[in-house]
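Take a look at the structure below.
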Amino acid sequence: MLTLPPTKSSRETVLAAMRAARDRDAKWQEGKTFSLVYYAGDEILQLLKDAYALFFSENGLNPMAFPSLNKFETEVVAMTAALLGGDEETVGNMTSGGTESILMAVKAAREWARVNLPHITAPEILLPASAHPAFDKAAHYFSLQAVHVPITADFRADIAAMRAAITPNTILLVGSAPTYPHGIVDPIAELATLARERAILFHVDACVGGFMLPFVRKLGYPVPDFDFRVPGVTSISVDLHKYAYAAKGASVILYRNRALRRHQFFVHTDWAGGIYASPTMTGTRPGGAIAAAWAILNFLGEEGYLALNDTVMKTVTKLRAGINAIEGLRVLGDPAMSILAIGSDALNIYEVADEMTARGWLIDRQQFPPSLHLTVTHAHAASADQFLADLADAAARARRFSFAKFANTLQVGAARAAARVLPPRVMSALTARVSALTGAGVPKRSAAMYGMMASLPNRGDVNELVLDVLDRLTRPED
Ligand SMILES: Cc1ncc(COP(=O)(O)O)c(C=O)c1O
């Protein structure tokens with residue numbers, strides 16, 4: 001059992017141990033990581049660190065104690081609302097991230113329905129299959145029924161299917177701008193019409209796109225309407241720690257009006273510790289994240305975001321053309337901005353991914369259909385040519401695998417990637433479980449989550465496996 005060290009250590013020893021622990025971490029500075037980190041250069045990074053450090057100790061829990069943080073939050077929310085077609089009525093709060101913003105929108109919808117649709121005892125929220133799992137998490141936490149609706153062949157929310165899935169218990173529809181898996185903007189106007197016809201709520205998840213699509217449109221790329229300009233959109237989530245390039249722990253949840261947001265708040269007036277009021281999920285809120293968000297919005301301004309996104313979109317254009325030119329690979333659907341999914345009808349795409357991993361690229365594997373996920377950011381402008389060269393090479397190698405080997409390589413290929421991201425002790429436990437489940441003998445390095453998910457027939461097994469991984473991840477190394 002790991003215990004606290006009995007004695008103090010020097011500052012140097014502690015920091016050196018932490019630097020060493022980074023060894024196996026994703027090397028995002030090199031533009032070879034296609035998720036998790038949004039990096040727009042060292043000048044911006046330093047500004048974020050400085051702003052964060054200035055408010056490192058302050059706590060956003062009590063706005064009366066820190067009017068500075070209250071000002072920052074108010075202004076960040078106002079600027080975000082203005083960007084997304086809001087007006088004088090639009091209100092919102094900062095949260096710790098997309099998941100918290102979505103939790104809040106769903107919780108507000110539940111409370112709204114309790115007041116406005118009191119006859120509903122088993123409320124449902126309607127999700128296109130591509131919606132982020134944060135909505136399922138919200139349904140799970142708040143005891144709502146999440147109803148999943150298949151999407152179209154071009155990866156958009158299917159309006160006819162959504163219409164058919166609405167029941168008298170439906171309280172909320174969801175659309176994404178864009179979706180995380182394929183980068184597609186759902187038909188927001190049509191979904192909003194559906195919601196208005198039924199007088200129910202409609203949330204647009206613009207977590208990944210809210211701070212990019214408005215600039216992409218200004219730069220001249222086609223972007224369908226997706227924000228408060230569309231009547232019927234009642235709430236929008238937009239993350240600042242994604243394409244606003246803020247420090248992590250920063251998102252905004254917006255509502256069309258105050259009355260709706262009221263359902264988000266929590267108040268407990270009878271506590272011995274005094275009257276407790278909290279607008280969002282968390283109690284203590286790190287002042288640094290709020291301050292850094294304010295800093296980056298003011299530092300870049302519209303001019304800065306346009307310039308950054310011009311570079312990103314030029315990189316995307318290059319990548320899309322380059323990927324589609326590689327035999328056997330194609331970009332799925334018609335992505336609106338900088339989230340791309342690479343699929344293949346001919347190759348084992350997980351084998352391609354494995355080859356890319358071997359070349360130092362960190363790329364997520366997706367399922368239904370198997371594909372690779374790219375979140376293209378400013379950091380990829382410098383690495384795009386190398387990426388395309390490596391991808392062509394990886395595809396050429398994958399082509400050598402015969403179709404008969406597909407199922408096996410799907411596992412082993414993805415397994416090599418998993419070996420790089422999961423600690424060895426978790427990997428070996430996983431290997432044993434997969435082998436028992438598949439009855440296929442222990443694969444050399446076991447299968448990665450997505451590879452396994454694709455190969456295991458029983459979804460319940462997958463669920464148990466993933467729970468095991470979560471369980472083991474926080475056990476200290478022996
Ligand atoms: C569309 C979308 N919604 C929600 C989220 C969840 O955001 P977070 O990871 O900040 O909680 C993401 C994250 O990638 C996303 O892309």
Side-chain angles (χ1 to χ4, degrees), residues 26 28 33-39 76 80 84 92-107 125 127-141 146 148 151 155-157 172-186 188 191 202-214 216 223-224 226-227 233 235-254 280-282 285-286 289-290 292-293 296 312 332-333 335-341 362-366 371-377 450 470:
W28 47 268
T33 301
F34 277 99
S35 63
L36 301 168
V37 178
Y38 293 73
Y39 172 53
V76 165
T80 307
L84 297 177
N93 290 92
M94 284 189 71
T95 71
S96 61
T99 300
E100 191 187 350
S101 289
I102 288 168
L103 288 172
M104 289 295 81
V106 174
K107 188 260 187 192
I125 61 174
L127 309 173
S130 50
H132 193 276
F135 291 98
D136 296 276
K137 197 181 212 178
H140 179 67
Y141 285 2
H148 298 105
I151 52 175
F155 306 100
R156 268 165 231 281
L172 175 74
L173 304 187
V174 168
S176 303
T179 62
Y180 180 80
H182 311 111
I184 307 287
V185 177
D186 281 329
I188 299 300
L191 288 169
F202 176 37
H203 180 81
V204 173
D205 180 6
C207 278
V208 74
F211 238 87
M212 176 135 191
L213 289 173
V216 170
V223 171
F226 70 96
D227 58 20
V233 172
S235 56
I236 302 180
S237 47
V238 44
D239 290 354
L240 305 175
H241 60 203
K242 294 193 171 81
Y243 282 104
Y245 294 98
K248 284 195 184 33
S251 171
V252 171
I253 175 66
L254 296 170
T280 54
M281 289 289 288
T282 53
R285 299 196 296 156
I290 299 170
I296 189 69
V312 174
L332 298 184
M337 45 173 250
S338 46
I339 306 284
L340 309 179
L362 192 128
I363 306 173
D364 289 337
R365 283 82 173 148
Q366 306 195 115
S371 60
L372 309 184
H373 186 268
L374 303 184
T375 301
V376 183
T377 67
Y450 285 102
L470 288 181

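Residue numbers run from 1 in the order of the sequence given. Ligands are counted one by one from 1 in listed order, and the atoms in each one are counted from 1 as well.
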**Report entry** Pairwise side-chain contact, L172 with V106, heavy-atom cut-off 4.5 Å (strictly under)
**Finding:** yes
Query raised in the report: Can you check whether T179 has an N/O within less than 3.5 Å of an N/O in ligand 1?
Result: no
Query raised in the report: Is there at least one pair of N or O atoms, one from H132 and one from ligand 1, spaced under 3.5 Å apart?
Result: no
Query - H241: numbered ligand 1 atoms lying under 4.0 Å from its heavy atoms - result: 10 (O)
Query raised in the report: Can you find a heavy atom in the side chain of S237 that is under 4.5 Å from one in the side chain of D205?
Result: yes
Query raised in the report: Nearest to atom 9 (O) of ligand 1 by heavy atom, K248, K242, H373: which?
Result: K242
Report task. Could you tell me which atoms of ligand 1, counted from 1 in the order shown, lie closer than 4.0 angstrom to a heavy atom of C207? Result -> 2 (C), 3 (N), 4 (C)
Requested in this report: Considering heavy atoms of the protein only, find what lies nearest to atom 1 (C) of ligand 1 and give residue, atom and distance to 0.1 Å.
Outcome: D205 OD2, 3.3 Å
Query - Atom indices of ligand 1 within 4.0 angstrom of D239 heavy atoms, with elements - result: 7 (O), 10 (O)
Query raised in the report: Looking at V208, which atoms of ligand 1 are within less than 4.0 Å of one of its heavy atoms?
Result: 16 (O)
Report summary line: The atoms of ligand 1 lying under 4.0 Å from a heavy atom of Y180, numbered in the order shown, are 14 (O), 16 (O)
Requested in this report: May I ask you to check whether D364 and S35 show a side-chain donor-acceptor distance below 3.5 Å?
Outcome: yes
Report task. List every atom of ligand 1 that sits less than 4.0 Å from any heavy atom of T99, numbering the atoms from 1 in the order shown and giving each element. Result -> 6 (C), 7 (O), 8 (P), 11 (O)
Requested in this report: Examine I102 against ligand 1 and note whether any of their N/O atoms are separated by less than 3.5 Å.
Outcome: no
Query raised in the report: Does V185 offer a backbone N or O that forms a donor-acceptor pair with the side chain of R156 under 3.5 Å?
Result: yes
Query raised in the report: Is the closest side-chain heavy-atom distance between F211 and V252 below 4.5 Å?
Result: no
Query raised in the report: Relative to the ring of Y38, is the ring of Y245 parallel (under 30°), tilted (30 to 60°) or perpendicular (over 60°)?
Result: perpendicular
Requested in this report: Using the side-chain contact (heavy atoms from CB on, under 4.5 Å) rule, pick out the option among D186, L84, V233 that qualifies with F226.
Outcome: L84
Query raised in the report: Is the shortest distance from a heavy atom of E100 to ligand 1 less than 4.0 Å?
Result: no
Query raised in the report: Are side-chain N/O atoms of S101 and S251 paired as donor and acceptor at under 3.5 Å?
Result: yes
